[in-house]
Amino acid sequence: MSAPFARISELPAHAGATVTVRGWVTHLRSSGKVAFVVMRDGTGLLQAVLVKNALSPEAWTRFGELTQEACVAVTGQVKVDARAPGGHELGVSDLAIIGPSPLDYPIQPKEHGVDYLLDHRTFWLRTPRQVAIARIRHEVEQGIHDFFYEREFVRVDTPILTAAIGERSGLFSTEYFEEGNAYLAQTGQLYGEAAAAALGKIYTFGPTFRAEKSKTRRHLTEFWMIEPEVAFNDSAANMVLQEEFVSYLVQRCVERRQAELKELERDISKLEKVVPPFPRLDYTDAVALVRSKGSDAKWGDDLGAEDEALIVADYDKPVFVFNYPKAAKAFYMKENPDDPRTVLCDDLLAPEGSGEIIGGSQREDDHDKLLHRIREEQLPEDAYGWYLALRKYGTFPHAGFGLGLERTVAWICGTPHIRECIAFPRMMHRLRP
RNA sequence: UCCCGAGUAGCUCAGGUGGUAGAGCAGGUGACUGUUAAUCACCGGGUCGGGGGUUCGAGUCCCUCCUCGGGAGCCA
């Protein structure tokens, strides 16, 4: 076998030539003396055609030994043929098995339950839909880096092992030498604030961990979060950054990932509408809106999932809800000078039931007010010493937000559950594979 | 933690009022020179999630436990 190697996506450029394609068998069909091998190499699908009379008896015998997911090298002439998926196929002259696959491959070309598929996630990843999601996630990640690089943000990597600091929800803990317990980070934000005073504009990009016993399609125990922090931004500027950021990511996928969105049967016209400005709804107005629609939400409560759905239903873009009551939000958010019952913050709710993809705020930069809030929430004061000290030595107005990567990818892909949007999801009942 | 729902062949599921289990796909054998999750014929395949109870008899009714899914809460 001396033909040059080619990847499936490159085949149109090799029309008429003889090449060798390496990949994995996805379907086998035979009509006695003509057989079809559909294979995948990560760049696309290819139908290889085997005609018994045109092959050596040895090669024809090897076809008989092929199984689903066997890894093969197929040599043949590239032909244009409208009957083949992709418009071209390979007229096979030789066939070699690189890695055989037993008959009990767990994923069949048919419907499976999600739980079963997750048990076999390593193989589920090989299917077209999962490949499309992985490529879109990659596009979003690269888009995040490009967006911030172009705006001269500096990426700062914050610790995953931390002392008790962060938010109130559940913590994963582990032993840490003689220091007692360490906790897996729930956010890099507090460190990001410190870095913003050094670098001006920063963002973090990393995994975060929540030991919440959440069992919903919007929750993972390990997820990836992007947290920009900008010195001298106020809450209004923070929201402008958010809408520019989210719009950029969506439009980038629309422009560069047409094939993947098509594979996912995503309605691209809905994504095309995601351009600034996004609607902005004051919390108080949001409560009035959902009450007019029958909700029994009361001023002072955080908005529930049903309330969020009622709000989003009126728009075809993500919607900001801003300035929530202080008691419903985290201690580090800055008190609203125009209404001290509230804080300068926002949630960004994605359309089509995807829920909250961003939570952001201007940070409390007054040392005494922050200390008061830490005591009010009965947080371990000594653990926040370095964080409070940022307000002592050259305190500065600043704001930032956290974008949930899997929720964003799920929304762009139109997947109902975010567990498909990360290669190996970690959930309450799933630690393997 | 709470509220729903599910657990039957390798996979996806069906099994009115209780009577010792079925289909499709997958697998095996064979046929077929253009298939698109090919088609056709034949074949093998089950501790009905575990335990207990009612009954002559339980996949089916009752109790209990386990596992999983969805939702709530919390959040991204």
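Just so we're on the same page: letters track the sequence lines, and every chain starts at 1.
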Would you mind classifying the nucleic acid contact of [X] as base, sugar-phosphate or nothing, using non-hydrogen atoms under 4.0 angstrom?
X       : value
L220(A) : base
D347(A) : nothing
Y116(A) : sugar-phosphate

Rounded interatomic separation in angstrom, taking CE from M39(A) and P from rA37(B): 18 Å

S292(A) side-chain N/O to L289(A) backbone N/O, donor-acceptor pair under 3.5 Å: yes

May I ask you to check whether [Y] and [X] place their ring centres under 6.0 Å from each other?
X       : Y       : answer
F245(A) : F148(A) : yes
F331(A) : Y384(A) : yes
F36(A)  : H27(A)  : no

Verify stack between F223(A) ring and rA76(B) base, 5.5 Å, 30 degrees: yes

Any residue meeting side chain to side chain donor-acceptor pair (under 3.5 Å) with K33(A), in chain and number order, not counting sequence neighbours: none

Which residues share a side chain to side chain donor-acceptor pair (under 3.5 Å) with Y283(A), sequence neighbours left out: none

N/O to N/O distances under 3.5 Å, protein versus nucleotides 68-72 of chain B:
from: rC68(B); atom 1: OP1; to: H429(A); atom 2: ND1; distance (Å): 3.3
from: rC68(B); atom 1: OP2; to: H429(A); atom 2: ND1; distance (Å): 3.2
from: rG70(B); atom 1: OP1; to: H417(A); atom 2: NE2; distance (Å): 2.8
from: rG70(B); atom 1: OP1; to: R419(A); atom 2: NH1; distance (Å): 2.9
from: rG70(B); atom 1: OP1; to: R419(A); atom 2: NH2; distance (Å): 3.1
from: rG71(B); atom 1: OP1; to: R217(A); atom 2: NE; distance (Å): 2.4
from: rG71(B); atom 1: OP2; to: R217(A); atom 2: N; distance (Å): 2.6
from: rG71(B); atom 1: N7; to: K215(A); atom 2: O; distance (Å): 3.1
from: rA72(B); atom 1: OP2; to: R218(A); atom 2: NH2; distance (Å): 3.4

Euclidean distance for P, rG24(B) against rU39(B) (whole angstrom): 12 Å

Selection residues 36-46 of chain A - residue pairs positive for salt bridge (charged side-chain N to carboxylate O under 4.0 Å, His left out), sequence neighbours left out: R40(A)-E69(A)

ring-ring contact (aromatic ring centres under 6.0 Å, His included) partners of residues 49-108 of chain A, not counting sequence neighbours, each pair once: W60(A)-F63(A), Y105(A)-F123(A)

Complement of rA72(B), any strand, by Watson-Crick or G-U distances under 3.5 angstrom: rU1(B)

Side chain of E212(A) (C-beta onward), nearest among rU33(B), rG73(B), rU35(B): rG73(B)

Upstream residue (5' side of RNA chain B) when L405(A) and H27(A) are each assigned their closest nucleotide: H27(A)

Sequence-aligned protein contact record of nucleotides 24-32 of chain B, with B where the base is within under 4.0 Å of a protein heavy atom and S where only the sugar-phosphate is: BBSSS---B

